[in-house]
J.: 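I am attaching a structure below and will ask some questions about it afterwards.
Note that the structure is a prediction, hence the values are computed from the model and not measured.
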Amino acid sequence: LYMSIVISISFFHEAWEDEAQAWLIARDLDFLQIIGQMKYEGHSFMWHYLLAFFAKSGLPYIFTNVLMFIFAGIICLLVLIKAPFKKLTKILILFSSVFLYYMPIILRPYIIIPLMLIIISILNEKPEKYPITYGICIAILSNSHIIVLGLAVIIYIFYIKEEFLDKLHTNSKKQNCKLIIGAIIAFLGIFLVVVMAIMGYIFSIAATHGTDQIISVLYRAINFGKNLSRVLFGVDKYGIIILLEALFFTYLIVKSWKINKKQGIIFTIGLMFYLYVQLAIFGIYTDQRTALIYIFVLFLSWNMTNFSKNKNKMTIFEILLIIITILGLPNTIRVIYQEIKYPYNDSKAVANYIDENIEEGSIFITVNWDSISSVEVYLSGKDYKFYDATDCVFMTYATWNKFLDKKGEDYLENAINKLKEESNKNLYVLNLISEDSNITDLNSFRKSKDRLKLIYATKEKCLARKAYLYEIIK
C-alpha cells in the first residue's frame, strides 16, 4: 500500500529547480567538472555522481522516479521488519508526510539520510558484527549533506571509542583489522566533506546568507520554527507552537541524557550542528531540509527503544514520536492533495507545448536563470537552447555565482538585439515567475513588451511558478 501511494503521487510531480539542476549537472559535466561545480551547490558531489550514472546513459529524467522508488522501498522494508516499535508506530511513520512525500517524491539527496540512519540504528544492536558496513554508512551519511556532518562525526567518535579503543586488547586481530578498515572508510568520508567545506566547495555560496549577528540568528530561529510547524503540521501562524517545539526538543535532550547519556549526546550534538548550519550558514529553509528534524527524532527514538530494558513496554520516545506523527497526518493529506491537484510549477506543460509546437534549434531567452532548468530537463535530447539574459550566456543548469537580479531594464532588450545579430534561429522569451507575481512587473519585460507576442501562459493555479512563453515578432 505504501509503495502504491508513493508511485501514484510521483506521476503528478513536476521537477523543482533544485531537482532538475542536479540532474542537468550530472548529465552535462564530466566527473571532475562536477566537483568544481559543487562550490555553487552547497553539497558534496556524491549525489551528482549517483545521478550521473543514469543521466549520462541517455535515460530520460522520468527515470529518477525509479531511483526514488528503490530508496523508498528499502526504507519501507527496514522500518517494517527491523524497527523496534509497535506495529501501529511503524505504519504511522511510513504514512507521515516525511516518508510519504518529502523524502521519496522530491529528487534530492536528503532521502539518503534516513536510509543511512536506519541502517546504523540496526547495526547498533550488534555493532561489532559489521564494522566495515558501519564505516561505509558513516561515510555515505557525512557526504549526503553537510547539515548532518555533526551527527556523522559524533556517531563515528562513539563507535571508535566503544568498539575499538575500549576493546583493543580483547578483540581478535581479525576483528581489530576490520574495525580499522571501517574506521578509515568513515574517516575518509568525513575528511572529504570537511576539506571541501574549508576549500569553499560547500559553504562558499551558501555562506553568502550567513550571519554572526545574534539578533539575526534569533529571528531566523523564529522563522525556522514557523517553517517546521508548517512542514510537519501545516500550521505556521501561532507563536505558541514555536514555544511548544522548543519545549519538546528541550525535553527530548534532557530525558535522553538521563536515560541513555550516549544517545543523548549524539542527538544533542547532531541537532545543534544541524541548527547551526541551518540558521547561521544557510539562513534559508527548504521543506526537505526542515523535515530532517523528524528524522532526528526517529533516530533518537529508534536507538532509545533498542536499548530499553523493558522491550515490551513502549518508551516515552516512541510515544512522543506517535504523537507528532498523528498530529501531522492532516498535513500529510494536505500536501499529497496539493501535489495531485496543482502542479508545483508549469514546467512540464510548457515543455510539452514547446516540443509539439516549436521547431528544434530555437532559442529561448530568459531572465529567470535560476528556475529555467525545470523546463529544460523535460526537453533532453531535443535541439533547443536556453539563454540567460542577465549574464549573456547559453545555459542548461544555473550557476549560482551571482545574486538573483532580474530587475535590470535592459537585460531582455539587449539579449534580443544581440541574438538577432548573431543568430538566424527563431527566438522566444520564456520566464517562470512566482504564482503571486505578474510578468508585467518585470522591468526588463516592460521595455521589450511591444516586440513580444504571448503564445503560452499558465492558466491553472500552480503552487510555486507559472510560465509565460512569447514569440519575438519585431
Side-chain angles (χ1 to χ4, degrees), residues 15-61 63-64 66-68 70-71 107-113 116 135-149 152-153 181 184-208 277 281-282 369-374 376-377 379-388 390-403:
W16 297 16
E17 303 93 277
D18 290 346
E19 298 172 271
Q21 172 87 350
W23 179 264
L24 293 172
I25 288 173
R27 187 195 68 184
D28 295 344
L29 299 182
D30 64 37
F31 288 101
L32 285 178
Q33 290 173 330
I34 289 174
I35 295 176
Q37 187 68 21
M38 290 305 97
K39 61 185 174 184
Y40 305 120
E41 294 299 304
H43 298 286
S44 169
F45 55 82
M46 181 186 70
W47 180 246
H48 297 79
Y49 272 26
L50 177 61
L51 293 180
F53 286 109
F54 305 106
K56 292 184 183 302
S57 66
L59 290 169
Y61 177 77
F63 179 80
T64 57
V66 177
L67 181 63
M68 301 305 280
I70 293 171
F71 281 121
L107 182 73
R108 301 294 284 134
Y110 301 103
I111 194 170
I112 296 175
I113 296 172
M116 290 302 106
I136 292 172
C137 288
I138 293 175
I140 294 174
L141 175 64
S142 59
N143 279 269
S144 61
H145 199 287
I146 188 70
I147 209 160
V148 291
L149 179 61
V153 169
I181 293 171
I184 291 173
I185 293 172
F187 174 79
L188 289 175
I190 292 169
F191 181 74
L192 179 63
V193 177
V194 172
V195 169
M196 290 183 69
I198 292 173
M199 292 176 65
Y201 277 82
I202 289 180
F203 278 149
S204 59
I205 298 302
T208 57
V277 174
I281 303 297
F282 288 144
W369 56 269
D370 58 314
S371 57
I372 207 68
S373 57
S374 62
E376 204 280 342
V377 77
L379 296 170
S380 294
K382 303 289 184 177
D383 184 23
Y384 298 111
K385 292 184 178 180
F386 295 82
Y387 188 82
D388 174 14
T390 69
D391 221 16
C392 298
V393 293
F394 286 99
M395 58 170 287
T396 55
Y397 56 85
T399 298
W400 289 85
N401 57 356
K402 56 184 182 286
F403 288 102

J.: Show your working on side chain to side chain contact (heavy atoms under 4.5 Å, CB included) between C392 and Y387 and close with a plain yes or no.
T.: CA-CA 7 Å; C392 298; Y387 188 82; 3.3 Å; yes
J.: Output the distance between atom CE (M196) and atom CZ (F45), rounded to the nearest 0.5 Å.
T.: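 Here the interatomic distance stands at 5.5 Å.
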J.: Do you know which of V277, I113, I112 makes side chain to side chain contact (heavy atoms under 4.5 Å, CB included) with H145?
T.: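 Among the candidates, only I113 passes.
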J.: I'd like to know if the side chain of E376 and the backbone of T396 have a donor-acceptor N/O pair within less than 3.5 Å.
T.: no
J.: Is N143 reaching over with its side chain to a backbone N or O of G189, donor-acceptor style, under 3.5 angstrom?
T.: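 Pair found, side chain donor or acceptor close to backbone of G189.
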J.: Using 0.5 Å steps for rounding, measure from the CD atom of E17 to the OG atom of S371.
T.: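 Result: 5.0 Å between the selected atoms.
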J.: Closest approach of I34 and H48, non-hydrogen atoms and distance?
T.: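 Minimum heavy-atom separation between I34 and H48: CG2-CB, 3.7 Å.
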J.: Check S374 against A15 and note the closest heavy-atom contact, atom names and distance.
T.: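 Scanning both residues, the minimum pair turns out to be CB-O, 3.4 Å.
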J.: Who are the side chain to side chain donor-acceptor pair (under 3.5 Å) partners of D18, not counting sequence neighbours?
T.: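 D18: no side chain to side chain donor-acceptor pair (under 3.5 Å) contacts found.
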J.: Search all heavy atoms of E19 against all heavy atoms of L107 and return the closest pair with its distance.
T.: OE2-N, 2.7 Å
J.: How many angstroms lie between CE in M46 and CE in M38, if you round to the nearest 0.5 Å?
T.: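 Atom-to-atom, M46:CE and M38:CE are 12.0 Å apart.
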J.: Applying the side chain to side chain contact (heavy atoms under 4.5 Å, CB included) test to S142, which of L149, V148, V194, V153 qualifies?
T.: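 When L149, V148, V194, V153 are each tested with S142, the side chain to side chain contact (heavy atoms under 4.5 Å, CB included) holds only for L149.
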J.: Less than 3.5 Å apart, which donor and acceptor atoms pair up between the side chains of residues 49-56 and the rest of the protein, not counting sequence neighbours?
T.:
{"from": "Y49", "atom 1": "OH", "to": "F31", "atom 2": "O", "distance (Å)": "2.7"}
{"from": "K56", "atom 1": "NZ", "to": "A26", "atom 2": "O", "distance (Å)": "3.0"}
{"from": "K56", "atom 1": "NZ", "to": "R27", "atom 2": "O", "distance (Å)": "3.4"}
{"from": "K56", "atom 1": "NZ", "to": "L29", "atom 2": "O", "distance (Å)": "2.3"}

J.: Atom CD in Q37, atom CD1 in I25: separation rounded to 0.5 Å?
T.: 4.5 Å
J.: Could you give the distance from CG (L24) to OH (Y61), rounded to the nearest 0.5 Å?
T.: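 Taking CG in L24 and OH in Y61, the distance rounds to 9.0 Å.
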J.: If I take atom CZ from residue F187 and atom CG from residue L192, how far apart are they, to the nearest 0.5 angstrom?
T.: 11.0 Å
J.: Between Q21 and S373, is there a donor-acceptor pair closer than 3.5 Å when you use the side chain of the first and the backbone of the second?
T.: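 Not a single qualifying donor-acceptor pair exists.
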